[in-house]
Amino acid sequence: MLKILAVLAALALPTAVLAQAPAPEPVEVMILGTYHMANPGADLHNARIESVTTPEKQAQLEAVAQGLARFRPTAVAVERVAPDQSTLLDPRYPAFTPADLLTNANERVQIAYRLAHHQGLTRVYAIDEQDRDGQPSYFPFEDVQTWVEVNGASEHLAAMHGEIAAMIADLERRQATETIGQLLAGMNTPEQVMADQAFYAGLMTFGAGDDQPGAVLNSRWYARNAQIFARLLQVARPGDRIVVLYGAGHNYWLRQMVETMPGFRLVEPADYLPGG
C-alpha cells in the first residue's frame with residue numbers, strides 16, 4: 001500500500017509543479033491602420049494626401065509618436081517584405097536618421113521609424129506578404145469585374161465604389177481641419193474598422209453556383225493577412241508590446257487574429273493617439 005501511495009505521489013508531483021508555474025506574459029499588440037502618406041497609387045481607391053513634411057504636419061506626427069510612446073512598445077512591425085525571412089528585420093530601418101523625416105513622406109518612416117528611433121528600438125520587423133510568381137493573386141479583383149460585366153451587376157458594384165469614394169473624399173476634406181492624430185484615431189475605431197470591412201464583405205454578393213469570384217477574393221485577402229499575422233507570431237516574445245503599422249484595409253483581419261490568438265491582447269490605438 002505504501003508503495004502505491006509513493007507512486008501516486010510521484011505522478012502527481014509534475015502536475016503540482018506545472019500548476020505553480022506562472023503563465024507567460026501576454027503579447028500586447030496595437031494594430032494601427034493608416035492611410036498612405038506618400039500614396040503610390042497602388043490601391044483600388046487612392047486619396048490625395050497633403051504633404052506631411054511641412055513644419056505643421058511634422059509637429060502633428062511628433063505628437064503621434066509621443067502618444068504612441070506611452071504604450072512603451074518593445075517592437076514595431078511594418079508593411080514591407082523582409083529579404084531575410086529567418087529574422088524578418090526591416091533592412092531599411094538601420095539607416096534611418098531624423099533627417100529622413102523631412103524628405104521621405106512614407107508612413108513607415110514618418111510613424112514607425114520615428115517611433116522606433118524615439119524609443120531606442122532595434123526590433124523593427126518587415127512582416128508583409130505579397131503576390132508571388134506562379135501563384136494566384138491575393139486580390140483578384142479583375143475576376144470580380146469580369147463576373148460583374150457578364151452578369152449585369154455593374155450598377156451594384158458602381159454603388160459600392162461610390163461609397164468608398166465618398167469616404168476618401170471625406171478624408172481628403174478632413175485633412176484641413178483635423179490633425180494627423182485625429183485622422184488616425186478616427187479610422188481605427190472598431191466602428192470604422194467594421195465599416196471598412198463592409199466593402200470586402202459586399203464583394204461576396206458577386207458570384208453564383210460554382211463561379212464565386214467575390215468569395216475567392218475574400219479568401220485570398222484573408223490568406224494574405226494570415227501570412228502577415230503568422231510572421232508577427234514568429235517575432236513576438238512573451239511580454240512584448242508591438243505596434244503594427246499597416247494600411248487600414250488590413251485592420252479588420254489583423255485585429256480579429258490578435259483577439260482570437262491565445263496569449264495575445266489587442267490594444268486600441270485611440271487610447272494613445274492625440275485626439276483619440
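Just so it is clear, the model here is predicted, and its values are computed rather than measured.
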Which donor-acceptor pairs under 3.5 Å do the side chains of residues 196-215 make with protein atoms, sequence neighbours left out?
unit_1, atom_1, unit_2, atom_2, d
Asp196, OD1, Gln192, NE2, 2.8
Thr205, OG1, Gly202, O, 2.7
Gln212, NE2, Gly209, O, 3.2

> Which is it for Val193 and Arg255 under the side-chain contact (heavy atoms from CB on, under 4.5 Å) test, yes or no, and what are the steps along the way?
Replying inline: CA-CA 9 Å; Val193 171; Arg255 287 170 60 98; 4.0 Å; yes

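- For Tyr272, the side-chain hydrogen bond (donor to acceptor under 3.5 Å, both in side chains) criterion is met by no residue, not counting sequence neighbours.
- Taking CD of Gln145 as the start and OG of Ser154 as the end, the distance is 9.5 Å to the nearest 0.5 Å.
- Between Tyr246 and His250, the angle of the ring planes goes over 60°, which puts this pair in the perpendicular group of the 30/60° scheme.
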> How far apart are the C-alpha atoms of Glu268 and Asn188, what are their side-chain angles, what is the distance that settles it, and do they pass the side-chain contact (heavy atoms from CB on, under 4.5 Å) test?
Replying inline: CA-CA 8 Å; Glu268 292 294 346; Asn188 282 280; 5.9 Å; no

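- Going from atom OG of Ser137 over to atom CG of Asp143 covers 8.5 Å, rounded to the nearest 0.5 Å.
- For the pair Leu273/Val64, a side-chain contact is recorded, criterion being any heavy-atom separation below 4.5 Å from C-beta on.
- Between Asp170 and Arg173 there is a salt bridge, since at least one side-chain N of the basic residue sits less than 4.0 Å from a carboxylate O of the acidic one.
- Nearest heavy-atom pair, Gln58 versus Gln110, reported as atom, atom and distance to 0.1 Å: NE2-OE1, 2.8 Å.
- Residues meeting the side-chain hydrogen bond (donor to acceptor under 3.5 Å, both in side chains) test with Thr189, sequence neighbours left out: none.
- Scanning all heavy atoms of the two residues, the minimum distance from Ile49 to Met37 falls at CG2-O, 3.9 Å.
- The shortest heavy-atom contact between Ile180 and Gln60 is N-OE1, 3.0 Å.
- Annotation: Arg72, atom CZ; neighbour count of heavy atoms from other residues, nucleotides and ligands within 6.0 Å does not exceed 12.
- Comment: Asp240 engages Arg123 in a salt bridge, judged by a side-chain N to carboxylate O separation of less than 4.0 angstrom.
- Contact of the Ile127 side chain with the Val244 side chain is registered, since non-hydrogen atoms from C-beta on lie closer than 4.5 Å.
- In this structure, CD on Gln119 lies 13.0 Å from CZ on Arg114, to the nearest 0.5 angstrom.
- Grouping the Ile, Leu, Val, Met, Phe, Trp and Tyr side chains by contacts below 4.5 angstrom, directly or via other members, places Ile164 with Met160.
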>> For a side-chain contact (heavy atoms from CB on, under 4.5 Å) check, start with the C-alpha distance between Tyr138 and Gln227, then their side-chain angles and the critical distance, and finish with the verdict.
In response: CA-CA 11 Å; Tyr138 282 118; Gln227 291 258 12; 3.8 Å; yes

> Under the side-chain contact (heavy atoms from CB on, under 4.5 Å) criterion, do Ile242 and Tyr125 qualify, and how do the steps go?
Replying inline: CA-CA 10 Å; Ile242 307 175; Tyr125 296 109; 6.0 Å; no

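- Glu178 pairs by the side-chain hydrogen bond (donor to acceptor under 3.5 Å, both in side chains) definition with Arg174, not counting sequence neighbours.
- Both Met194 and Ile168 sit in one connected hydrophobic cluster of ILVMFWY residues. Membership requires side-chain heavy atoms under 4.5 Å apart, directly or through other members.
- Side-chain atoms of Phe139 and Arg220, non-hydrogen and from C-beta on, never get closer than 4.5 Å to each other.
- Between the side chain of Asn225 and the backbone N or O of Trp221, at least one donor-acceptor pair lies under 3.5 Å.
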N/O donor to acceptor pairs below 3.5 angstrom from side-chain atoms of residues 28-35, sequence neighbours left out:
unit_1, atom_1, unit_2, atom_2, d
Glu28, OE2, Arg265, NH1, 3.1

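- Under the 4.5 Å side-chain contact rule for hydrophobic residues, Trp253 and Leu233 share a cluster.
- With 3.5 Å as the limit, one finds no donor-acceptor pair spanning the side chains of Gln135 and Asp133.
- Checked against Leu61 for a side chain to side chain contact (heavy atoms under 4.5 Å, CB included), the options Thr53, Ile111, Leu115, Val109 give a single hit: Ile111.
- Minimum interatomic distance between Leu68 and Pro73 (heavy atoms only, all atoms of both residues): O-CD, 3.7 Å.
- Nearest heavy atoms, Gln182 versus Thr179: OE1-N, 2.8 Å.
- With 3.5 Å as the limit, one finds no donor-acceptor pair spanning the side chains of Tyr222 and Arg224.
- Looking only at side-chain heavy atoms (C-beta outward), Glu79 and Glu129 stay at 4.5 Å or farther from each other.
- Counting only heavy atoms from C-beta outward, the side chains of Leu254 and Gln256 never approach each other to under 4.5 Å.
- For Phe141 and His161, the distance between ring centers is under 6.0 angstrom.
- Arg48 places no side-chain N or O within 3.5 Å of a backbone atom of Glu172 that could act as its donor or acceptor partner.
- Gln175 and Lys57 make their closest contact through O-NZ, 3.4 Å (heavy atoms, listed as atom of the first residue, atom of the second, distance).
- Asn106 contributes a side-chain N or O that, together with a main-chain N or O of Arg108, makes up a donor-acceptor pair within less than 3.5 Å.
- Residue pairs meeting the side chain to side chain donor-acceptor pair (under 3.5 Å) criterion with at least one partner in residues 81-105, sequence neighbours excluded, are Arg80-Asp90, Asp84-Ser86, Gln85-Arg231, Asp90-Tyr113.
- If you take CG on Leu101 and NE2 on His117, they are separated by 8.5 Å, rounding to the nearest 0.5 Å.
- In terms of hydrophobic clustering, with Ile, Leu, Val, Met, Phe, Trp and Tyr side chains grouped at heavy-atom distances under 4.5 Å, Met261 and Met257 are assigned to a common cluster.
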